[in-house]
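Only heavy atoms go into these numbers, but all of them, side chains included; no hydrogens, no water, no symmetry mates. Throughout, a chain's letter reflects where its sequence line sits, starting with A, and its residues are numbered from 1.
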Amino acid sequence: MTAAQALPLLVVLPLTGAALLVAAGRWLPRYAADAFGCAVAAATAALACLLLAARSGSAPVEWVGGRRPVHGSGVGISLVGDRAGLGLAALVGVLVVAALVHSWRFFDEPPSGQNGAFPALVLIFQAGMGGFTLTGDLFNAFVFFELMGVISYALTGYRVEEARAVQGALTFGFLNSVGGYATLLGIGLLYARTGELGFAQIGARLDARPGGGDALVTGALVLVATGLLVKAAAVPFHFWLPDAHTVAPSPVCMLLSGVMVQLGLYGVARVYWTVFAGPGGVPEQAVQRALLALGVLTAVTGALLCWLQRHIKRLLAFSTIAHTGLFLVALSALTPDAVSGVALYLLAHAGVKAALFAGAGVLVSRFGSVDERELHGRGRGIWGVAAVFGLGGLALAGLPPFGTALGKALCEESAGPAASVLFVAVSAVTGGAVLRVTGGVFLGLGGRGAPADGGRAARAGREQQAEETSGAGEEPETGVRLTRVPDTMLGSAAALLAGGLAVGCVPALWRAVGETAGAFTDHAGYAASVLGTTATGPVLSAPPHWSVPGVGLGLLSVVLALAAAAGGVRAAGGRRPRWSLPLRRLHSGHVGDYVACAMVGIALFALLLW
Amino acid sequence: MSVLPYLVAGWLFLAGCVGMATSRNLIHAVGSLAVCQSSTYVLLLAVGYRRGGTAPVHSDIRPGSRPLVDPVVQALTLTDVVVGATVTALLLALVVQVAKRHGTVDPDELRELRG
Amino acid sequence: MSPRTRLWVLACGVAGVAALLAVTVWRLPPFGGARHPYGERAVEAALASRVANAVASVNFDQRAFDTLGEQAILFGSVLGTVVVLRQTRDERRVEPEPAGVAGPVRRYALIALPVVLLTGVYVVAHGQLSPGGGFQGGVVAATGLHLLYVAVDYRALKRVRSVHLFTLADAAGEAGYLLLGTGGLLAGTAYLTDVLPLGTFGTLASGGTVPLLNAAIGVEVAAAVVVLLARFLDQAIEIVTSGEEGDRAPGTDGAPGTGGARPAGGTGRADGADGPHRTGRGGAG
Amino acid sequence: MDELPVALALLLVACAGTAAVATRDPVRQSLVLGVLGLALALLFTVLQAPDVALSQLAVGTALTPLMVLLSVRKVRRKARSERREEHE
């Protein structure tokens, strides 16, 4: 079997595994279902890694159904195994295995006769994400987008006994569906203009049209990007993300925050470079402007709200939003260097963030709470988890040699000095928030805050109660509270953190990422490799590497983060500033609000692109 | 006439979104989402229509005898219909659970997940 | 946001999106134009592989990978619904009571039942020849089965509808589609390649793997819809949360009609006198 | 004027869609959604898409309204029992 022929297996394998799990769900004991799910996920991940390592020369391209195009026009769907796609598929695989290992002891109550429901859902999720990364066809990408969506709503609402869980899953479902339909409208517009559905084919047709892009092309980009930006949680499309992460089981959060959100960004970048980057597409300056504006808005909003949270999972969710904003700001340079920076940042962030969510999962299972104040000082003694949180916070802030620091440094280099300020500030605030939690929960630093008695403080607490999500009184995800931390949970977290560290330490990876970024941003090269025509090779840039200013800025943001954490610990339990009230009120858990904001977001994005 | 179908598609999309945003009942909101989705059916099929064309099915016409409408958009719409039905089912299931756990399906009365 | 603010925000957003759509739509090629390059290629390809229904050829051959994703969505969302609507610790089941049915309704539904089921199978079987196919036929057959609920009662439906069996069929349909695709790999070409003999144009066996994939989808869809409706019916009829009204409910049920499962939108008044479990057969007549 | 049926079907769809959104009671809305499904099926037929019309008929007029009604029934049963608890 050639590499190309094996590409569809990255989708087919997990789906088959899921079908078998469902079919055998009645007879299979729990541990067997879990083990089988893990094995299938690991096999798929291994296949992705193998394909990634084995490839030589041009990217393998498979036309499913053997419908190879003749003279650049065909009827089939292509799967493109370029390094960006395969790399993300491998990342998906690794995170899915980690999540399944983490969830080894989760969920005491599967639906009757469906012992394998959770691993089966996760496997289908893996298939959806794998298909989305590999596909070379716009409508096919929409199909896998919806597959990811449907499974993630179900996974988010998995703990149906919790009132919040079902609400969060529902708002997630509504917002993502609206985004998906906007994307489909955009696909319809592109099909009307070009009569094609493949990325490369649409791009070629757009370029062949005299006069370049017009309002239709721009409108199509806005609509197609809407769904992807909803998935990527760019402000103001982001409202589903904090709610979903607050309520979803921790292993699901690992997948959502670790890779699914970033797949939305990947989708935006992929669609832009393959379809809209040519002469018949959308002017570069307009795209730069739009991405930069959205990115700054997203980063600032995410960082502010991250700092203001006391619900630990919600705090981590907002930090994901802040980092999405940073990725968008970096991407807005639209250069290969920026893409390799984002790629490294994204890889390391996936490891770190997933490890942090795994740590939060341990807290839920052990204490039945993820409330920073309620847990104050109670985490003494579980040093493994404390280390995960501490190192995770430092890595988020950008401590060399974590991959996050390398990615951040590269992004700063390509985005310019003004953006560097934003990068340092945002990573310091998000890292500082996590360090504040570490100091309070695991070291018992600072005051407990929000005392249970006394007039004014309690009244203030009640006042705030109405406007915040506390995180106390969570049902332990394991059904019963654990008395000790299971090795599976801690082991998966440690491995993920080590992965985040490795991204910053393996020069071979940097080289590969550099080459990948060159090919990824090559509009003509992609079309050539898919349609089998010839083109000049991509511009090769110097492989990414550490630089002195980058390390310096990384250390600076770590220092700032520590200072912020120290200040935060001291002021623990204080009232949240009044000016943040309108911002917090926007996050109301109300479907109507979220849809209204998403509409404004579409209009805003269109305005920025015009 | 040359843009009427597209305008109808746009209208349905906006109407569905307005319905969702102003809904006082989550079941009604799911129904509005279905309206929103029907805009995609209308747009896709309108894009593939061809004046004077017949359905792309050769059960009663000879191949090549008449112009055909675009079969690709029809296949896409078919997929879309399935997606819509399944999303509706899943969202309704979640609404049923919201009703159980919160005792209401009015989004204004859901007081969790703030800030 | 207060409802008032929300309305203002919404108004801004809608105005913006409306403007965007209006500007964009004006640039579209006029409705009904003759330029459909992909469509024409698809028709040619369909004829070349001897599938009379070009839509079926696109769905199950040329863009079969889309359908693979689509059936995964169906499979996944049914699994998701099973998970979301599971019976939780604080819930119990009440046995639905047997109930009488008006004679004409019963006769009508019992006659319609086999007709609808056969129609479903027919629509599935002729997918590559005439309009219809696995999806449409599957839904028709599955909803048709629920005429049994209308004609006899929920207990009769439950007897023939073993949810485990249908779950198995659902998984089998899904796995069948995936495994049929590997035929191409075994033959040394691409996944989902049509490697079977193409047969004679216009016959039931024409089109190589198209009818087989179509049948796999038919099985999966029919089973999936049955499982899906079973979960909703369970919730509406059998499962009660502690504190929820049980089987001793007073006569009238507020929800008018849970609907006949027939494709005409037929939904009538509830005959509340039968008690809560019997509401919703109104649409049958 | 061979496009008159298309135009009429389109207007019907637009009206039915608007009505479905404007109908705030979910039970009535499910009926209107059924009508919208029928209108869409009609439109698809005149647009020469019998395959889609068939599936729209099966899904839009049978499956979706049925699921909506079953959900309404569950939701109302729950709400009523809670009201009763409050009175007691």
Chain A interface, residue from C:P29, C:C12, C:G16 that has the most non-hydrogen pairs under 4.5 Å: C:P29
Heavy-atom side-chain proximity of A:L15 to C:L68 below 4.5 angstrom: yes
Partner chain A: residue of C:V17, C:L21, C:L10, C:L168 with the largest heavy-atom pair count (under 4.5 Å): C:V17
Most contacts with chain C, counted as non-hydrogen pairs under 4.5 angstrom, among A:A154, A:G128, A:A192, A:G219: A:A192
Chi angles and distances behind the side-chain contact (heavy atoms from CB on, under 4.5 Å) call for A:V22, C:D170: CA-CA 9 Å; A:V22 169; C:D170 184 23; 5.6 Å; no
Nearest atoms (heavy-atom pairs only) where A:A215 meets C:R27: CB-CG, 4.2 Å
Portion of A:T194 that has a non-hydrogen atom of chain C nearer than 4.5 angstrom: backbone
Heavy-atom side-chain contact between A:V75 and C:D61 under 4.5 Å: no
Contacting region of A:L155 [heavy-atom separation from chain C under 4.5 Å]: neither
Part of A:V217 within contact of chain C (heavy atom distance under 4.5 Å): neither
Region of A:R68 in contact with chain C, defined by heavy-atom distances below 4.5 Å: neither
Residue among C:H36, C:Q62, C:E174 with most heavy-atom pairs under 4.5 Å to chain A: C:Q62
Under 4.5 Å from a heavy atom of chain C, the part of A:I151 involved: side chain
Sub-4.5 Å side-chain heavy-atom contact between A:F139 and C:R63: yes
Residues of residues 42-58 of chain C within contact distance of chain A, non-hydrogen under 4.5 Å: C:A42, C:A45, C:S49
Which of C:D66, C:L28, C:L192 touches chain A most, by non-hydrogen pairs under 4.5 Å: C:D66
Any donor-acceptor N/O pair, A:Q5 side chain to C:Y191 backbone, under 3.5 Å: no
Distance in Å, A:T16 OG1 paired with C:L179 CG, rounded so as to fall on 0.5 Å steps: 6.0 Å
For the student: nearest non-hydrogen atoms of A:R205 and C:P37, plus distance: NH1-CG, 3.8 Å
Contact leader toward chain A among C:L79, C:T189, C:V84, where contacts are heavy-atom pairs under 4.5 Å: C:L79
Most contacts with chain C, counted as non-hydrogen pairs under 4.5 angstrom, among A:L197, A:T135, A:L223: A:L197
Among A:Y191, A:Y153, A:F125, residue most engaged with chain C (heavy-atom pairs, under 4.5 Å): A:Y191
Stepwise side-chain contact (heavy atoms from CB on, under 4.5 Å) check, C:L20 with A:W610: CA-CA 10 Å; C:L20 169 75; A:W610 232 271; 3.6 Å; yes
Max heavy-atom pair count under 4.5 Å with chain A, selected residue of C:A72, C:G181, C:G69, C:A19: C:A72
Point-to-point distance, once rounded to the nearest 0.5 Å, from OG1 of C:T67 to CD1 of A:I77: 8.0 Å
Minimum heavy-atom distance between A:G66 and C:A190, given as atom pair plus value: N-CB, 3.5 Å
Closest non-hydrogen atom pair between A:R159 and C:R86, with its separation: CA-NH2, 4.2 Å
Most contacts with chain C, counted as non-hydrogen pairs under 4.5 angstrom, among A:V64, A:I124, A:V150: A:V64
Top contributor to chain C contacts, counting heavy-atom pairs under 4.5 Å, from A:G65, A:G592, A:A596, A:A182: A:G65
Close side-chain approach of C:T167 and A:R26, heavy atoms under 4.5 Å: no
Atom pair CZ/CD1 of A:F145 and C:I73 - distance to nearest 0.5 Å: 10.5 Å
Toward chain C, the part of A:L79 with a non-hydrogen atom under 4.5 Å: side chain
C:L185 and A:L9, any side-chain heavy atoms less than 4.5 Å apart: yes
Residue among A:E62, A:R193, A:H590 with most heavy-atom pairs under 4.5 Å to chain C: A:H590
Atom group of A:L147 that falls short of 4.5 Å from chain C, counting heavy atoms: both
Within-4.5 Å side-chain heavy-atom neighbours: C:F65 and A:V11: yes
Heavy-atom proximity to chain C below 4.5 Å, by part of A:R67: side chain
